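These figures come from a predicted structure and were not determined experimentally.
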Amino acid sequence: MRATWRSLPAKRHDAGWEPGLVVPGADGSSLITDHYFPRAQGDFPTLLVRSPYGRGLPWSPMYGVLFAEQGFHVILQSCRGTGGSGGEFDLWRNEPADGQATVSWLREQPWFNGTLGTVGPSYLGYVQWALALDPPPELKAMVVQVGLHDPYALFHSDGVLRLDNALAVGAGMTYQHQGMARFLKAMLRLKRRMSEVVVAQPLRGAQESALGREVPWLDDVMTHPDAQDPYWQGASVAEAAEKLRVPTSLITGWHDALVDQTFEQYDRLRQAGCETALLVGPWTHTSAVQQGWTEVFAESLAWLRAHLCDDPSGLRPTEVRVHIGGEDTWRDLDDWPTAPAATAWYPTKDGHLTQEAPTDSSPLTSFHYDPADPTPSVGGPLLSPAAGPRDNTALEARDDVLTFTGPPLTEPVDILGPVSAWLSVSTDTGHADVFTRLCDVDPQGRSVNVCDGVGRASAAERTPSQVTVPMSTTAHRFAVGHRIRWQVSGGAHPRFARNPGTGEPRVDATTFTPVRITVHSDSALLLAQSSEPA
């Protein structure tokens, strides 16, 4: 680790390790826990790290050893039903109570000085929010890295199944806590069988062959696409941020599959008046704790020292720090977002993108989406290694992908904030998806994705429906000579499950009908353009 991340801070203490402790969970289950600690005299604060992914690599060195060397007790615990802990794992229902039970156990430990922090990425962020629903008085700081608070939004977007995410989470939750060897074997099996699973008819149950076993909770989340379904009641712990007073640092990447959830968390914390900080890097969900670990660790350590050790010397002067794509620089900001209002760009019949508003809502152009040959996904905010910015040139050459491109820029354009699309579309079947993406086209014609989103269109032919598609949030500079491109298609497979075109549920569909999607002239791409100087 030290050879890989050469700029990690020097250790302050040698680290000790007390493995295999048994902590009683809320239902009496044995929660297996490892204790890391500084080998030094004195009082040290405690960090609670609860994980469903085991307690070995990478959690042991990255969270156990590194933070213990910096002067923290670290409790690394396997969630109920994982990593040797008793009981059965549930994707969300057990975490608030088991977190509270663990804090009760901490109070009885002679080395616990009454000062507690939490830290961790992904689901390790979810368990932090679960504890914060009723924060114990000892909790003085949180660091949520590429964190989850709403399981529904991890698996679905506007009722569209995030198929790639579902399969990746299924493999991770099922095998990672069983050790790195079994996890890698499972991921290789998933990679080999992915192409046949994602086109199965029906999709329901097909994942079992790729995962090597039945995973009942995964089948449940895939077959409940409606956010209002009682199945999802209690899944989101978003309300924790609405009343929180615990200083909270949020860390994410522009191509993280959970980036939108981080910005929701930030908005809620700000509205609640909670002390918070936001760091957004050029990372995906996994690269944030791989290539980005030096920055992520430094940010996390500075926040925890400031609020648990009364040492604010490592804090940066501004609340927000974001990486600017297209420029490869960092920018410190007092708040987020900075752009006050959205600027509209409109498509034209000849494939251009202009700021001149249309005078009518007439049909502009159309394309044919065939679920038997679905438009493929290229890069973007995924959990898989295929995530991130990618060359979209081959994708945009397909007949089922529309592009609208602005003129070469004579001045740089900065987008700092949310991006969305207002689409006026009609279809010939009444059932279709619209996938929309913002791209940066360089002078050589290479088109690279910046951010995107998906929505559902339910409209008959000649009767357009209006669909607002959130396209995430970005900080990106379109340089002089570059062009702004708006990409529109009928899907991104297997990132999102195919729309069968019939109205059938995606996981049960056995009949797939091609659909013609028409875009009308009153559609618009809405960009949070900043007028602030760089």
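Side-chain rings of H177 and Y175 stay apart, their centers remaining 6.0 Å or farther from each other. Taking the six-membered ring where the residue is Trp, the centroids of W92 and W129 are separated by 6.0 Å or more. Residues Y266 and F263 keep their aromatic ring centres 6.0 Å or farther apart.
Residues D433 and R498 are not paired through a salt bridge, judged by the lack of any N-O separation under 4.0 Å between the basic side chain and the carboxylate. Salt bridge R50/E95: present, at least one basic N to carboxylate O contact under 4.0 Å. Ion pair E239/R268 not flagged as a salt bridge, since none of the NZ, NE, NH1 or NH2 atoms sits closer than 4.0 Å to an Asp/Glu carboxylate oxygen.
With hydrogens and angles ignored, the 3.5 Å screen pairs no side-chain donor or acceptor of S122 with any backbone N or O of L124.
Annotation: cation-pi pair R93/Y231 present, NZ/CZ under 6.0 Å from the ring centroid and within 45° of its normal. Cation-pi geometry between R485 and F404 is not satisfied (NZ or CZ under 6.0 Å from the ring centre, within 45° of the ring normal).
Other residues, nucleotides and ligands contribute only 12 or fewer heavy atoms inside 6.0 Å of the CD atom of E88. Dense packing is recorded around CZ of R390, with more than 12 heavy atoms of other residues, nucleotides or ligands lying under 6.0 Å away. By the 6.0 Å contact criterion, CG on D350 is enclosed, its count of non-hydrogen atoms from other residues, nucleotides or ligands being greater than 12.
A distance of 10.5 Å separates CZ of F155 from CG of D150, quoted to the nearest 0.5 Å. Rounded to the nearest 0.5 Å, atoms CZ (R477) and OG1 (T329) are 7.5 Å apart.
In summary, the side chains of R483 and T405 do not present any donor paired with an acceptor at a separation below 3.5 Å, with no hydrogens or angles considered. Using modelled atom types, one finds no donor on one side chain facing an acceptor on the other under 3.5 Å when comparing T473 with D260. A donor and an acceptor atom, one from each side chain of E242 and Q271, are nowhere located under 3.5 Å apart. A donor-acceptor contact closer than 3.5 angstrom links the side chains of H482 and D440. A donor-acceptor contact closer than 3.5 angstrom links the side chains of Q145 and S300. Defined by atom type and a distance below 3.5 Å, a donor-acceptor pair is missing between the side-chain atoms of D360 and H520.
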